[in-house]
Amino acid sequence: MTLKAGQISSIVQHAKVKHRYHIYVNDEHAFDVHEDILVKYSLHKGKELEPALFAEILEEEERNRAYLYALRYLGFRPRTSAQVQSYLTEKGFPSSLAQDICKRCEEQGYLDDAAFAQQWVRERMLNKSRSLLQLRMELRQKGIAEDDIQEASMQVKKTDQVEAAARLLGKKLRNRTEPPSYEERQKLSAMLQRKGFTHEIIRQAFGLVQSEEESF
């Protein structure tokens with residue numbers, strides 16, 4: 001876009017997009033801005049725009065647009081900083097700007113990777129019966145730092161892992177009237193190992209399932 005000095009000749013509200021305005025300079029359409037930028041720079045008919053101010057407004061409008069994209073993305077469900085950065089760059093924003101927006105969201109409490117990791121571990125362990133190994137891998141895939149992963153992992157007790165493995169076994173053994181054969185136990189153990197459970201956790205999970213069956 002060519003930046004040149006000029007006077008705002010008119011400001012027209014966007015017909016379809018709320019809070020956006022068309023800015024005309026010297027009777028020609030120059031750019032569009034969000035209402036926040038309109039107010040911040042006191043844009044009004046007759047205001048003189050020098051090239052430096054013109055450039056600053058455009059830069060701030062781009063920054064504000066990226067910020068609003070981030071807020072909408074965060075509005076659906078919790079996200080990590082890496083996810084928001086990736087989303088913004090996919091939308092065409094520069095990586096440096098995406099990083100700045102993430103920092104702003106962190107400062108305002110919209111982004112918190114440590115809290116995300118804690119919540120992820122609690123919910124996935126309970127609702128999806130994930131192993132601790134799986135949970136750590138999932139958090140790494142979402143760009144969570146190792147310190148935050150380690151901190152979130154500390155809340156998982158050995159009994160939590162045993163109960164998660166037992167829930168998976170319970171689903172496989174549901175409605176059975178006889179205990180699994182040796183071959184079936186081997187297959188079930190292999191299934192749990194592939195999901196990241198240790199031999200000790202698997203052994204205790206089988207014992208928990210057996211004790212629960214005997215209590216009925």
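Since this is a predicted model, take the numbers as computed values, not measurements. FYI, the numbering just counts along the sequence from 1.
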Would you mind reporting whether [Y] and [X] have side-chain heavy atoms less than 4.5 Å apart?
{"X": "Arg63", "Y": "Leu97", "answer": "yes"}
{"X": "Leu169", "Y": "Leu208", "answer": "no"}
{"X": "Lys158", "Y": "Gln204", "answer": "yes"}
{"X": "Ile57", "Y": "Leu49", "answer": "yes"}
{"X": "Phe116", "Y": "Ser81", "answer": "no"}
{"X": "Leu135", "Y": "Glu138", "answer": "yes"}
{"X": "Glu163", "Y": "Arg167", "answer": "yes"}
{"X": "Arg136", "Y": "Ser153", "answer": "yes"}

Are [X] and [Y] grouped together when hydrophobic residues (ILVMFWY) are joined by side-chain heavy atoms under 4.5 angstrom apart?
{"X": "Tyr69", "Y": "Leu71", "result": "yes"}
{"X": "Tyr21", "Y": "Ile37", "result": "yes"}
{"X": "Tyr110", "Y": "Phe93", "result": "yes"}
{"X": "Val162", "Y": "Met191", "result": "yes"}
{"X": "Ile8", "Y": "Leu53", "result": "yes"}

Donor-acceptor contact present, side-chain [X] to main-chain [Y], <3.5 Å:
{"X": "Arg104", "Y": "Tyr67", "value": "no"}
{"X": "Asp113", "Y": "Ala145", "value": "no"}
{"X": "Gln99", "Y": "Ser96", "value": "no"}
{"X": "Asp112", "Y": "Glu106", "value": "no"}

>> Run Val121 and Leu139 through side-chain contact (heavy atoms from CB on, under 4.5 Å) and show every step you take.
In response: CA-CA 9 Å; Val121 167; Leu139 290 174; 3.9 Å; yes
Salt-bridge test for [X] and [Y]: reply yes if a basic N is under 4.0 Å from a carboxylate O, no otherwise.
{"X": "Glu146", "Y": "Arg140", "answer": "yes"}
{"X": "Arg20", "Y": "Glu61", "answer": "yes"}
{"X": "Glu62", "Y": "Arg65", "answer": "yes"}

Contact summary for [X] and [Y], nearest pair of heavy atoms:
{"X": "Asn26", "Y": "Gly6", "value": "ND2-CA, 3.6 Å"}
{"X": "Thr80", "Y": "Lys142", "value": "OG1-O, 2.7 Å"}
{"X": "Gln134", "Y": "Ser129", "value": "OE1-O, 4.5 Å"}
{"X": "Met125", "Y": "Asp160", "value": "SD-O, 3.8 Å"}
{"X": "Leu88", "Y": "Ala70", "value": "CD2-N, 4.1 Å"}
{"X": "Phe197", "Y": "Ile202", "value": "O-CD1, 3.7 Å"}

>> Working note: Leu111 + Cys102, criterion side-chain contact (heavy atoms from CB on, under 4.5 Å); need CA distance, chi angles, decisive distance, verdict.
In response: CA-CA 7 Å; Leu111 268 177; Cys102 284; 4.1 Å; yes
If I take atom [atom1] from residue [X] and atom [atom2] from residue [Y], how far apart are they, to the nearest 0.5 angstrom?
{"X": "Lys157", "Y": "Leu132", "atom1": "NZ", "atom2": "CG", "value": "14.5 Å"}
{"X": "Met154", "Y": "Gln118", "atom1": "CE", "atom2": "CD", "value": "9.5 Å"}
{"X": "Glu151", "Y": "Asp147", "atom1": "CD", "atom2": "CG", "value": "9.0 Å"}
{"X": "Ile23", "Y": "Lys47", "atom1": "CD1", "atom2": "NZ", "value": "11.0 Å"}
{"X": "Glu35", "Y": "Leu43", "atom1": "CD", "atom2": "CG", "value": "12.0 Å"}

>> Angle between ring planes, Tyr24 versus His22, binned at 30° and 60°: parallel, tilted or perpendicular?
In response: perpendicular
> Do the ring planes of His19 and His34 sit parallel (below 30°), tilted (30 to 60°) or perpendicular (above 60°)?
Replying inline: tilted
> Does the ring of Tyr182 carry Arg185 above it, NZ/CZ under 6.0 angstrom from centre and within 45° of its axis?
Replying inline: no
[X] atom [atom1], neighbour heavy-atom count above 12 within 6.0 Å:
{"X": "Gln193", "atom1": "CD", "answer": "yes"}
{"X": "His44", "atom1": "NE2", "answer": "yes"}
{"X": "Glu178", "atom1": "CD", "answer": "no"}

>> Let's go through Gln7 and Glu48 carefully: what are the C-alpha distance in whole Å and the side-chain angles of both, what is the deciding distance for side-chain contact (heavy atoms from CB on, under 4.5 Å) to 0.1 Å, and is it a yes or a no?
In response: CA-CA 4 Å; Gln7 185 180 84; Glu48 292 289 340; 2.9 Å; yes
>> For a salt bridge (Lys or Arg N to Asp or Glu O under 4.0 Å) check, start with the C-alpha distance between Glu200 and Arg203, then their side-chain angles and the critical distance, and finish with the verdict.
In response: CA-CA 5 Å; Glu200 178 60 19; Arg203 184 187 67 78; 2.7 Å; yes
>> Is there a side-chain contact (heavy atoms from CB on, under 4.5 Å) between Val84 and Cys105? Walk through the geometry before answering.
In response: CA-CA 10 Å; Val84 174; Cys105 289; 5.6 Å; no
